[in-house]
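Along the sequence shown, the residues carry numbers beginning at 1. Computed from a predicted model, the values in this text were never measured in an experiment.
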Amino acid sequence: MSTQLRPLVVMGVSGCGKSTVGALLGQRLGMPFFDGDDFHPAANKQKMAAGVPLTDRDREPWLARLGELLAGNDDGGAGVPPIVACSALKRRYRDLLRSYAPDVVFIHLFGTAATIGARMEARSHEFMPRTLLDSQFAALEELEADETHLLVDISQPLDLLVESLELKLKPADALAVGPESTLPGAPRIA
């Protein structure tokens with residue numbers, strides 16, 4: 001088994017901190033970071049801005065584009081796997097991403113609806129209104145044992161959260177990431 005870095009998807013509902021955690025983790029691990037929101041077509045952004053949840057059909061081309069990023073098809077020959085922030089709420093979305101990058105590790109940032117709702121109300125987002133949070137929680141399908149992942153409780157301080165991820169994911173510890181791992185403060189999902 002390799003001890004090299006693997007492509008990462010920082011996932012969870014809107015407002016959980018995917019972009020912030022992904023960018024900071026990228027800096028610490030020396031991995032390029034891509035915010036999945038930047039790759040949504042204009043039609044998807046307009047739909048969400050109007051408070052209309054995306055359909056699976058809306059998401060398919062977007063997820064395929066993110067899968068290409070995870071596969072390293074846009075790394076300019078750098079050979080360093082990326083970190084991509086993507087909600088990846090449903091198993092079929094994660095399966096599609098894995099079809100491009102089979103060794104991807106999903107980092108699921110989770111928190112309560114109240115915590116995440118308060119975060120969303122305190123920020124300004126181009127196209128993701130607070131009104132869509134309930135639909136995101138409704139769509140979320142828990143990661144299964146055969147999906148390599150880490151569960152991360154967002155209630156811990158950001159610096160500690162990112163530091164614990166760095167320690168878990170850096171090459172010397174890469175073997176510690178099995179099919180399911182839980183960082184301190186995160187319950188195991190059976």
Side-chain angles (χ1 to χ4, degrees), residues 6-23 25-26 32-75 81-117 119-121 123-152 154 179-180 186 189-190:
R6 296 162 67 174
L8 306 173
V9 171
V10 181
M11 63 164 285
V13 299
S14 183
C16 70
K18 296 181 294 290
S19 298
T20 301
V21 170
L25 191 58
F33 170 72
F34 299 98
D35 190 330
D37 286 348
D38 294 340
F39 296 89
H40 271 295
N44 284 7
K45 291 180 180 183
Q46 290 168 354
K47 205 171 181 181
M48 289 184 285
V52 179
L54 297 178
T55 65
D56 289 349
R57 186 177 208 166
D58 295 328
R59 286 187 178 93
E60 280 182 19
W62 172 68
L63 289 166
R65 177 72 179 107
L66 298 182
E68 291 284 338
L69 291 171
L70 289 166
N73 295 340
D74 287 338
D75 71 357
I83 299 173
V84 174
C86 171
S87 55
L89 299 178
K90 294 184 180 182
R91 169 71 190 239
R92 71 176 142 254
Y93 306 161
R94 298 186 300 267
D95 287 346
L96 179 60
L97 294 172
R98 260 197 325 277
S99 74
Y100 288 88
D103 60 342
V104 68
V105 175
F106 294 97
I107 299 171
H108 180 194
L109 304 180
F110 70 90
T112 66
T115 297
I116 294 172
R119 286 181 175 192
M120 289 183 81
E121 288 170 3
R123 73 175 190 173
S124 174
H125 194 277
E126 175 189 2
F127 56 82
M128 193 63 179
R130 164 76 168 87
T131 56
L132 289 179
L133 184 58
D134 289 341
S135 71
Q136 293 244 311
F137 272 107
L140 179 61
E141 296 174 0
E142 293 178 357
L143 287 138
E144 297 180 29
D146 65 332
E147 297 178 273
T148 303
H149 66 278
L150 296 167
L151 301 174
V152 183
I154 64 167
E180 176 181 357
I189 297 179

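- Side chain of R6 to main chain of V105: no donor-acceptor pair is present (N/O by atom type, distance under 3.5 Å, no hydrogens or angles).
- Taking each heavy atom of V104 and R98 in turn, the nearest pair found is CG1-CG, 3.4 Å.
- Between the side chains of D56 and Y93, a donor-acceptor pair is found at a separation under 3.5 Å.
- Remark: the backbone N or O of A42 is not paired with any side-chain donor or acceptor of K47 at under 3.5 angstrom.
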Self-check item: Stepwise side chain to side chain contact (heavy atoms under 4.5 Å, CB included) check, F137 with L89
Solution: CA-CA 8 Å; F137 272 107; L89 299 178; over 6 Å; no
Self-check item: Stepwise side chain to side chain contact (heavy atoms under 4.5 Å, CB included) check, M11 with L109
Solution: CA-CA 6 Å; M11 63 164 285; L109 304 180; over 6 Å; no
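- Counting only heavy atoms from C-beta outward, the side chains of L151 and H149 approach each other to under 4.5 Å.
- Of the possible polar contacts, none joining the K90 side chain to the A139 backbone as a donor-acceptor pair under 3.5 Å is found.
- Checked by atom type and distance alone, the side chain of D95 never pairs as donor or acceptor with a backbone atom of R92 at under 3.5 Å.
- Taking the six-membered ring for Trp and thresholds of 30 and 60 degrees, F39 and F34 have ring planes more than 60 degrees apart, a perpendicular arrangement.
- Distance check, rounded to the nearest 0.5 Å: CG of L54 to CD of E60 gives 12.0 Å.
- A donor-acceptor contact shorter than 3.5 Å is absent between the side chain of N44 and the backbone of R59.
- The minimum heavy-atom distance linking D35 with S19 is given by the pair OD2-OG, 2.6 Å.
- The shortest non-hydrogen separation linking P7 to P81 is N-CB, 3.5 Å.
- Here CZ of R65 is found 13.0 Å from NE2 of H40. Values are rounded to the nearest 0.5 Å.
- Judged by distance alone, with hydrogens and angles left aside, the side-chain atoms of W62 form a donor-acceptor pair with the main-chain N or O of G36 at under 3.5 Å.
- With hydrogens and angles ignored, the 3.5 Å screen pairs a side-chain donor or acceptor of E147 with a backbone N or O of E144.
- For the atom pair OG of S87 and CG of L63, the computed distance is 7.5 Å after rounding to the nearest 0.5 Å.
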Quiz item: Can H108 and F106 be said to form a side chain to side chain contact (heavy atoms under 4.5 Å, CB included), step by step?
Solution: CA-CA 6 Å; H108 180 194; F106 294 97; 5.9 Å; no
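- In this structure, SG on C16 lies 5.5 Å from CD1 on I116, to the nearest 0.5 angstrom.
- The closest side-chain heavy-atom distance from T148 to D103 is not below 4.5 Å.
- For the atom pair CG (L143) and CG (L140), the distance works out to 8.0 Å, reported to the nearest 0.5 Å.
- For the pair Y100 and A64, the tightest heavy-atom approach, listed with the atom from each and the gap, is OH-CB, 3.4 Å.
- Note that the CD1 atom of I83 and the CG atom of L70 stand 10.5 Å from one another [nearest 0.5 Å].
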Practice problem: Would you sort out whether D146 and R94 count as a salt bridge (Lys or Arg N to Asp or Glu O under 4.0 Å), showing the intermediate values? | Solution: CA-CA 11 Å; D146 65 332; R94 298 186 300 267; over 6 Å; no
Exercise. Apply the test side chain to side chain contact (heavy atoms under 4.5 Å, CB included) to residues V9 and L97: give CA-CA distance (whole Å), side-chain angles for both, the deciding distance (0.1 Å), then the verdict.
Key: CA-CA 9 Å; V9 171; L97 294 172; 4.3 Å; yes
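- For E68 (side chain) and N73 (main-chain N/O), no donor-acceptor pair under 3.5 Å exists by modelled atom type.
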